[in-house]
Amino acid sequence: MPGDPSNRQEERIIEEQPKAKRRNTRQELIKAGIAEINRHGVAGFSMRRIAQDCGVSCGAPYKHFGDRKEFIAAIIEYVNSQWHTRQAEVMAAWDGDTGKQIVEVSTEYIRFLMENPHLRAILTMKNEEFDNVCHKRREEMSSPTKQMILRYCQEYHISEEVRERKQYVIRALIFGAAVQFENGELPYDEHSMKIVHDSIERELLLP
């Protein structure tokens, strides 16, 4: 009957179904896109192959992302969002202590890299494989750590030269540890994580 609340509810459900389907398809395409980059890199990135993997038409990725560049940018934004959620939790736990935020965020980032190998290809890809837009979006992941190091050095009146060294050493410890964990040079366990944690902390305390 017209005006029946149950009818209106059914109509609302029908209207919402395509939207939900679009959201699910978009996320499915992004996850398949991550797998594609892991297998073939950015140079071999194929929207047609991703569509086949997802069981959708070859035109579906273009409906959601427009073109290849926008698709890759969406993948990077997805990876950013996954990390930013964890980063925000760590920073909130150590609010007011910039030094501890740097140490704890850095070690949590290593855990994030190790626990999400399917995302690691995006995070560690060479810069020349991205255009300027994608490069800028990926740089957003490391920007908060750089800003924290800058703030820490300002708080303790540390020179620009020393700040640059600290930033370099801390980033080297993060990615060096991730590489050694991945290739088996170091066991990925709490003992090794403590070594990395303490090394980052020690660098901050060095003059």
Side-chain angles (χ1 to χ4, degrees), residues 27-46 49-50 53-54 68 71-91 93-94 99-131 134-149 164-206:
Q27 188 172 38
E28 185 181 345
L29 287 166
I30 286 174
K31 290 180 178 179
I34 292 171
E36 174 74 8
I37 290 176
N38 272 281
R39 289 193 300 264
H40 304 285
V42 171
F45 189 85
S46 168
R49 190 160 49 223
I50 291 168
D53 290 344
C54 292
R68 182 176 179 275
F71 196 162
I72 294 172
I75 290 171
I76 295 170
E77 287 179 357
Y78 173 80
V79 174
N80 282 354
S81 70
Q82 299 296 298
W83 163 239
H84 285 158
T85 299
R86 288 177 65 163
Q87 178 180 256
E89 292 172 356
V90 175
M91 291 184 69
W94 297 99
K100 286 298 291 183
Q101 284 181 328
I102 293 168
V103 174
E104 301 303 329
V105 165
S106 297
T107 49
E108 187 65 20
Y109 188 53
I110 297 169
R111 290 191 178 95
F112 180 78
L113 289 173
M114 298 310 299
E115 293 166 11
N116 296 278
H118 58 295
L119 304 181
R120 211 150 57 222
I122 311 294
L123 299 169
T124 58
M125 201 169 295
K126 295 178 182 178
N127 290 339
E128 58 263 27
E129 295 181 289
F130 292 100
D131 62 22
C134 292
H135 173 65
K136 182 178 178 181
R137 290 181 179 178
R138 195 181 66 159
E139 280 293 299
E140 291 173 2
M141 293 197 70
S142 59
S143 181
T145 303
K146 292 178 182 177
Q147 291 171 2
M148 283 190 291
I149 294 172
E164 290 178 352
R165 187 204 73 208
K166 289 183 182 300
Q167 183 171 296
Y168 168 77
V169 171
I170 289 171
R171 287 173 64 82
L173 285 167
I174 291 170
F175 290 103
V179 169
Q180 290 183 74
F181 288 146
E182 184 175 15
N183 64 25
E185 289 182 53
L186 275 177
Y188 176 55
D189 56 24
E190 286 306 311
H191 175 71
S192 296
M193 284 300 299
K194 186 176 187 307
I195 292 173
V196 180
H197 176 282
D198 293 350
S199 297
I200 294 171
E201 192 168 53
R202 180 175 179 272
E203 174 56 36
L204 280 180
L205 296 175
L206 285 173

- Give me the ring orientation class for Tyr109 and Phe175: parallel if the planes are under 30° apart, tilted from 30 to 60°, perpendicular past 60°. perpendicular

- Query: Would one find more than 12 heavy atoms of other residues, nucleotides or ligands at under 6.0 Å from atom CZ of Arg202?
  - Reply: no

- Is Arg171 reaching over with its side chain to a backbone N or O of Lys146, donor-acceptor style, under 3.5 angstrom? no

- Message: I'd like to check Gln87 versus Pro144 (side-chain heavy atoms, cut-off strictly below 4.5 Å). Are they in contact?
- Response: yes

- To the nearest 0.5 Å, what is the distance between CG (Leu29) and NZ (Lys31)? 11.5 Å

- Query: Do Gln167 and Thr145 come within less than 4.5 Å of each other through their side chains, counting heavy atoms only?
  - Reply: no

- Task: Inspect the contact between Glu201 and Lys194 and indicate whether a charged nitrogen and a carboxylate oxygen are less than 4.0 angstrom apart.
- Result: no

- Message: Could you measure the distance from the CD1 atom of Ile50 to the CZ atom of Phe71? Nearest 0.5 Å is fine.
- Response: 4.0 Å

- So, are Glu108 and Arg111 salt-bridged, with charged N and O less than 4.0 Å apart? yes

- Distance (rounded to the nearest 0.5 Å) between His191 NE2 and Ile195 CD1: 4.0 Å

- More than 12 non-hydrogen atoms from neighbouring residues, nucleotides or ligands closer than 6.0 Å to NZ on Lys100, yes or no? yes

- Query: With a 4.5 Å limit on heavy-atom distance, are the side chains of Val42 and Arg68 in contact?
  - Reply: yes

- Note on the structure: Interatomic distance, CD1@Ile170 vs CE@Met148, rounded to 0.5 Å, equals 9.0 Å

- Find out whether Glu104 and His197 are in side-chain contact, i.e. whether some heavy atom of one side chain is under 4.5 Å from a heavy atom of the other. yes

- Message: Using a 3.5 Å distance criterion without hydrogens, assess whether the side chain of Gln101 forms a donor-acceptor pair with backbone atoms of Met91.
- Response: yes

- Any side-chain heavy atom of Trp94 within less than 4.5 Å of one from Val103? no

- Atom OG1 in Thr107, atom CD1 in Ile200: separation rounded to 0.5 Å? 6.0 Å

- Message: Please give me the minimum heavy-atom distance between Pro117 and Asn38, naming the atom from each residue.
- Response: O-OD1, 3.8 Å

- Measuring from Ile30:CD1 to Ile72:CD1, what's the distance to the nearest 0.5 Å? 12.5 Å

- Message: Test your reading of the model: is there a side-chain donor-acceptor pair from Ser81 to the backbone of Tyr78, 3.5 Å cut-off?
- Response: yes

